[in-house]
> 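Provided herewith is a single structure, encoded as structure tokens, for subsequent inquiry.
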Amino acid sequence: MEIREAGRCGAIAYHEPAGSLSFFWELGGSDSVALVWGESADHWHACHPWAADRRRDILKRVAEEVVRQKAPNCRADIQEPQGLIHIRELD
């Protein structure tokens, strides 16, 4: 997985043998360090059917890797219906 930065935002490229997915991220404010968008479930079913049934697992993998690479003192909260990963400071 590759995390690219472009100022206060960027892209995440997730790869596996079956295909690739792109995520958009942006730095947050207040208690939010960053937000990562992974598109809706409907979008995944239409555009990435190879990944649609594993959406939750893939979102979790992306969240864990973002924390590991960029925010080790944070936790990730996944809002699966929206495909949103919210990176927050540890309590």
Side-chain angles (χ1 to χ4, degrees):
M1 192 172 78
E2 179 186 358
I3 301 172
R4 289 173 269 153
E5 298 178 28
R8 295 187 47 82
C9 61
I12 299 170
Y14 172 86
H15 305 283
E16 61 179 60
S20 298
L21 297 166
S22 294
F23 296 82
F24 173 79
W25 70 266
E26 181 177 40
L27 292 176
S30 189
D31 73 333
S32 176
V33 173
L35 297 170
V36 179
W37 286 273
E39 302 286 354
S40 69
D42 289 340
H43 177 84
W44 283 46
H45 281 287
C47 298
H48 310 291
W50 60 271
D53 292 338
R54 297 180 302 111
R55 186 168 179 263
R56 175 130 183 91
D57 290 335
I58 292 171
L59 288 171
K60 184 178 179 196
R61 240 184 268 158
V62 169
E64 289 170 351
E65 191 62 15
V66 168
V67 168
R68 187 187 75 76
Q69 285 188 33
K70 298 294 185 180
N73 294 323
C74 294
R75 73 177 196 280
D77 298 323
I78 300 170
Q79 297 173 358
E80 188 176 353
Q82 299 87 1
L84 177 67
I85 302 168
H86 194 166
I87 309 297
R88 300 175 193 263
E89 290 186 21
L90 291 173
D91 294 330

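The model shown is predicted, which means the values in this text are computed figures rather than measured ones.
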> Between L59 and Y14, is there shared hydrophobic-cluster membership here, with clusters defined by ILVMFWY side-chain heavy atoms closer than 4.5 Å?
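Result: yes, single cluster for both.
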> Flag yes if I78 and W44 sit in one hydrophobic cluster, no otherwise; membership is Ile, Leu, Val, Met, Phe, Trp, Tyr, and two members link when side-chain heavy atoms are under 4.5 Å apart.
yes
> Going by atom type alone, with no hydrogens or angles, which donor-acceptor pairs under 3.5 Å involve a side-chain atom of residues 47-57 and a protein atom two or more places apart or on another chain?
residue: R54; atom: NH1; partner: E16; partner atom: OE2; Å: 3.4
residue: R54; atom: NH2; partner: E16; partner atom: OE2; Å: 2.3
residue: R55; atom: NH1; partner: E80; partner atom: O; Å: 2.6
residue: R55; atom: NH2; partner: E39; partner atom: O; Å: 2.7
residue: R55; atom: NH2; partner: E80; partner atom: O; Å: 3.1

> Side-chain atoms of residues 64-76: list all donor-acceptor pairs with protein atoms under 3.5 Å, sequence neighbours left out, distances to 0.1 Å.
residue: E65; atom: OE1; partner: R68; partner atom: NE; Å: 3.1
residue: E65; atom: OE2; partner: R68; partner atom: NE; Å: 3.2
residue: E65; atom: OE2; partner: R68; partner atom: NH2; Å: 2.6
residue: E65; atom: OE2; partner: Q69; partner atom: NE2; Å: 2.8
residue: K70; atom: NZ; partner: E5; partner atom: OE2; Å: 2.8
residue: R75; atom: NE; partner: D77; partner atom: OD1; Å: 3.4
residue: R75; atom: NH1; partner: E89; partner atom: O; Å: 3.2
residue: R75; atom: NH2; partner: D77; partner atom: OD2; Å: 3.4

> Linking I/L/V/M/F/W/Y whenever their side-chain heavy atoms sit closer than 4.5 Å, directly or via other members, would M1 and W37 fall into one cluster?
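Hydrophobic grouping puts M1 apart from W37.
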> Of all residues at least two apart in sequence or in a different chain, which pass the side-chain hydrogen bond (donor to acceptor under 3.5 Å, both in side chains) check with S20?
H15
> Donor-acceptor pairs under 3.5 Å, side chain of residues 21-36 to any protein atom, not counting sequence neighbours: which ones?
residue: W25; atom: NE1; partner: R4; partner atom: O; Å: 3.0
residue: D31; atom: OD2; partner: R88; partner atom: NH1; Å: 2.8
residue: S32; atom: OG; partner: H86; partner atom: NE2; Å: 3.0

